[in-house]
Structure formats: C-alpha cells, structure tokens
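Notes for the one structure printed next.
The chains referred to below are lettered A, B, ... by the order of the sequence lines, with proteins before strands, and numbering in each begins at 1.
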Amino acid sequence: MSRHQPALKTYVRPMRRWWMRNPHFARYMLREASAVFLAGYAVMMPARQASAAPPHN
Amino acid sequence: MCSTCDPTAAVGCPHPERDPQPRFQTYAVPFARDTSVLEGLQYIKDHIDGTLTFRWSCRMAICGSCGKMINGVPRLSCQAFLRDFYPHKVRVEPLDHFPVVRDLAVDQSGFLDQLERVRPYLVPDEERPLAAGRYRQTPAQMARYYPYSQCINCLLCYTACPQYGLDPDFTGSAALALLHRYNADSRDRGWKARREVANAEAGVWVCTLVGYCSQVCPKGLDPVHAINQNKVRSTMDYFNVLRLLMPRGKRR
C-alpha cells in the first residue's frame, strides 16, 4: 500500500468472483486448473507402468 | 452516421464521501463519427453535470491520464469511440483495483510509490565527465530496451492484473517493465539496487502469467515478457550463478 494515504475516504471495488468478470480471466483459471489433471496424470503414469511391467526373472 | 444520435453513457459514480456503495448515473450524449468516450465525458461535464470528476490531458493516447473501465475493459477513453458501441449503452467506470477518490478519478499514489522503488533512471557504474562525450550504443543494444521505454504509465496493466487486485503490495507490471527497461540498457549498472525490488516477495514472483496486461496495453508493450526475463535473472541471483561462473567477482 502507498505510504501516502489519501485524505479523502476512498472506495475499492471488491475482488469477489474476479475470474468471472472477463473471458480472459476465465481462460486463465481453466489453464491453471489443468495443472491438477496434469499432476494427476504424472503420478498415475509411472504407477500404471510399474504395475504393467513383466516381473523380472 | 448522424451527428446527433442519442447513445447514452452510463457513468459509474462512486462518491465515497457521500455514498457507501457506488451508483450509476445515465446520461444521453450526442455524438459524431469521431467522438471519443473522453469527449462524451467532457460533454457531460460541460453541459449536464459540472461536478463529474475524471482525469484527462492530451486526448491523443500519449499522456496515459484518461484510462477508464469501458464496458468492463480497461481502455484509454480517448482511444475508444462512441460509434463503436452504438446502439448500446457505454458503461464507464473508474479503473479497477485503485482506490476511487471521486467519480472516475482514482488515487494513483500506490503506483507512484512502486515506480519510485524500481529506480526508473539510468544508474551508471561511475559518473562520467561531460568531456568524455556521449554514451554510444549499437542498434541491437537499443532494440533490447526500446519497446519498454514506450510505457506511458496509464495504469491499464495494473487494472488488468488480478494479482495486483488481490495483493496491492505487488510491484506491478508497469513498474517491473520499467525495471527491465533500465536493466536491459547497456549504459545501466543498476541491477544491484533494483534486485531488492525484483527478488522481493512482492516482486516478479507474484506474477502468475495471466497475460491480460500485455493485451490491454495501448502502446503494445509486453510486460509479461519483461517480468519473465527478470524471473530468470532473479533465479540466477538466488543460486548465485554469476558468482559460480565468475568466481573472481564482478566484471570490470
């Protein structure tokens, strides 16, 4: 915040549900959410490969 | 297009001293083909409501004073034309994320503080006497920083940045783009002083690449690219890469 506080009373628009204000923000949130699926896939893939690998003699 | 059609401009008028919540006032504004939103606001001030408060100066997208939210999009009001919105209403609001002082005027002192912190001027290694002549640069050296020197401090990128809205301590895109402008300048050696700002908690790492700032910039700057380049530099600082590569210390 600024070290110069305004003498007048001010109003700041709240940030509630900001991601719904603009299609660009909605796309950004979708992009961020895709990281969850990517992380899940990254965890699942080695686990599945390990289970599918033939046993060593 | 007729010269006196009747589009209406809904102007967001938060008056924090008087009203706890913002209210919208609707005005009918005549317009011609070349009437900008700023001229519409000037018409309202001159003919309808003399108390309407807003910033403007050059009317030609140079000064960066007249930024507003126009139909929810941060734009310079001198660059937006009423004809493009007709027959719909134009909704004009003050810039998001900044404290509204009155009507469409916001308090910019938070940004000015951030700007001061990044030292937006050349910091040379040592003072050169005038007799030493001019600093000379190649076109390639100039091309590295020139695009970032076009910033007009209009604050549209701050308004477009949800991170700045969520964390007002964030240094912000324009200030960080200017920080990069001087870091990328071959005449400047100010990174030592500026890295405190770039590497700080409220520095480059707050940016999460939303990228809307680069889209709304009226001068076509790419602040996200500038911030990313400083993230690389910040990482090198963290791991002390330069010291590993040059163990004897700084370059002479």
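- Atom CZ of B/Arg55 has more than 12 neighbouring heavy atoms from other residues, nucleotides or ligands inside a 6.0 Å radius.
- You'll find the side chain of B/Pro162 stays beyond 4.5 Å of the side chain of A/Trp19, heavy atoms only.
- Enclosure of atom CE in A/Met20 is not indicated, since only 12 or fewer non-hydrogen atoms of other residues, nucleotides or ligands lie within 6.0 angstrom.
- Remark: side-chain polar atoms of A/His24 are not paired, donor with acceptor, to backbone N or O of B/Gln215 under 3.5 angstrom.
- More than 12 heavy atoms of other residues, nucleotides or ligands sit less than 6.0 Å from atom CZ of A/Arg21.
- Heavy atoms from other residues, nucleotides or ligands lying under 6.0 Å from CD of B/Glu196 number 12 at most.
- By the 4.5 Å heavy-atom criterion applied to side chains, A/Trp18 and B/Asp96 are not counted as neighbours.
- Distance check, rounded to the nearest 0.5 Å: OH of B/Tyr164 to CE of A/Met15 gives 11.5 Å.
- Both the backbone and the side chain of B/Tyr212 come within contact range of chain A, each with at least one heavy atom under 4.5 Å from a heavy atom of that chain.
- Residue contact with chain B, scored on non-hydrogen atoms closer than 4.5 Å, involves the side chain of A/Arg31 exclusively.
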Working for side chain to side chain contact (heavy atoms under 4.5 Å, CB included), residues A/Thr10 and B/Phe98
CA-CA 9 Å; A/Thr10 56; B/Phe98 287 95; over 6 Å; no

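- Heavy atoms closer than 4.5 Å to chain A are found in both the backbone and the side chain of B/Leu209.
- Residue B/Ala202: no heavy atom, backbone or side chain, is found under 4.5 Å from chain A.
- In this structure, B/Pro99 and A/Tyr11 have side chains that are not in contact, with every pair of non-hydrogen atoms separated by 4.5 Å or more.
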